[in-house]
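This chain uses plain numbering: 1 for the first residue, then up along the sequence. Reckoned from all heavy atoms, side chains included, excluding hydrogens, waters and symmetry mates.
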Amino acid sequence: MTVPWYEWRNIRNRLLSYGRAVQGVSPYRTVLEPDKTRCPSGYTNFARRLIMVNPTMFEASPEEQYQLTKAALCHEAGHRRFTTPSDLPSHVHFVSNILEDERIERLMEQEFAGVGGFLRKLATQMLTESRPLDPESDDPVQVLNYVLQLRWANRAEAPVNGELSPGNGKLWLRIEPLVLEAWSADSSRVCDRNAEEIVRVLGIKEPDIPE
C-alpha cells in the first residue's frame with residue numbers, strides 16, 4: 001500500500017514546522033487532518049489554541065497539494081497573528097470572516113515576502129472551484145459570493161465567475177466602500193463593524209447563510 005505523501009515523516013515535519021514558524025511567538029498546536037468529516041479545509045480554534053488543515057482539501061497532484069497546504073497553513077497563521085476573536089451572530093460572523101480573510105492575507109504578505117506565491121495559488125484554486133454567479137438571481141447572498149470571488153480574482157489576476165444581476169450590482173456599489181475599508185483595516189473590529197452594516201444593507205438574515 002502506498003503511503004500518502006502527507007504521511008511521509010520528513011514532509012509532514014517540514015509542513016508542521018512551517019505552520020508553527022509563520023505564526024510567530026507562542027504558536028498554536030498545528031495538525032494535518034486528512035479526514036474531511038473532521039476538517040473539510042482548515043480552521044483556527046482560538047479557545048483550544050489549535051490550527052488544523054486538511055492536506056487533501058483539493059483534488060490535485062501531491063506536489064500541488066503540498067503547495068496548497070502551505071498556503072492554508074499560512075492563511076490560518078494569519079488568523080493566529082492578526083485576528084481578534086469576537087462574539088457575533090452567525091450570519092454577521094460569516095460576513096466578517098469573508099472580510100477578515102483578505103485583511104489577514106494582506107498582512108501576511110507584508111510580514112513575509114515569500115508567501116505571496118502560495119496565497120496566489122490558493123486563491124486561483126478557490127476561484128476555479130467557486131460556484132458561478134447567477135446574473136438572473138436577485139438573491140443578496142449572490143453579493144457575498146461576489147465579494148468572496150472578487151478577493152480571489154484580484155489575487156489570482158483573473159475575472160470572477162459569472163456576473164451579478166443589475167439589482168445586486170447596485171447593492172454591491174453600496175457595500176463596496178465597506179468591503180475595501182475592511183480589507184485594508186488595521187483591526188478585526190473594522191471587519192466586525194462593517195459586516196454588521198453589510199448585513200443590514202443586503203437584508204441578510206441568519207437562515208440565509210450559505211453552506
Heavy-atom distance under 4.5 Å between the side chains of Lys170 and Leu173, does that happen here?
-> no
Under the criterion side-chain hydrogen bond (donor to acceptor under 3.5 Å, both in side chains), which of Ser187, Ser188, Ser184 is the partner of Arg103?
-> Ser188
Arg81 side chain reached by Val22 side chain, heavy atoms, under 4.5 Å | no
Close side-chain approach of Asn54 to Tyr6, heavy-atom, < 4.5 Å = no
Find out whether Ile51 and Tyr43 are in side-chain contact, i.e. whether some heavy atom of one side chain is under 4.5 Å from a heavy atom of the other.
-> no
Would Glu129 and Gln125 count as having a side-chain donor-acceptor pair, cut-off 3.5 Å?
-> yes
Glu105 bridged to Arg151 by N-O distance under 4.0 Å = yes
Pairwise side-chain contact, Tyr18 with Phe118, heavy-atom cut-off 4.5 Å (strictly under) = yes
Is the backbone of Ser26 close enough, under 3.5 Å, to the side chain of Arg49 for a donor and an acceptor to pair up by distance?
-> yes
Between Ser130 and Asn161, is any side-chain donor less than 3.5 angstrom from a side-chain acceptor?
-> yes
Is it possible for you to say whether Leu99 and Val190 belong to one hydrophobic cluster, with membership spreading through side-chain heavy-atom contacts below 4.5 Å?
-> no
Taking atom types as modelled, find out whether Arg193 and Ser96 have a side-chain donor-acceptor pair closer than 3.5 angstrom.
-> no
Side chains of Gln142 and Ser137: do they bring a donor and an acceptor to under 3.5 Å?
-> no
Any side-chain donor near an acceptor of the partner, His93 and Asp87, under 3.5 Å = no
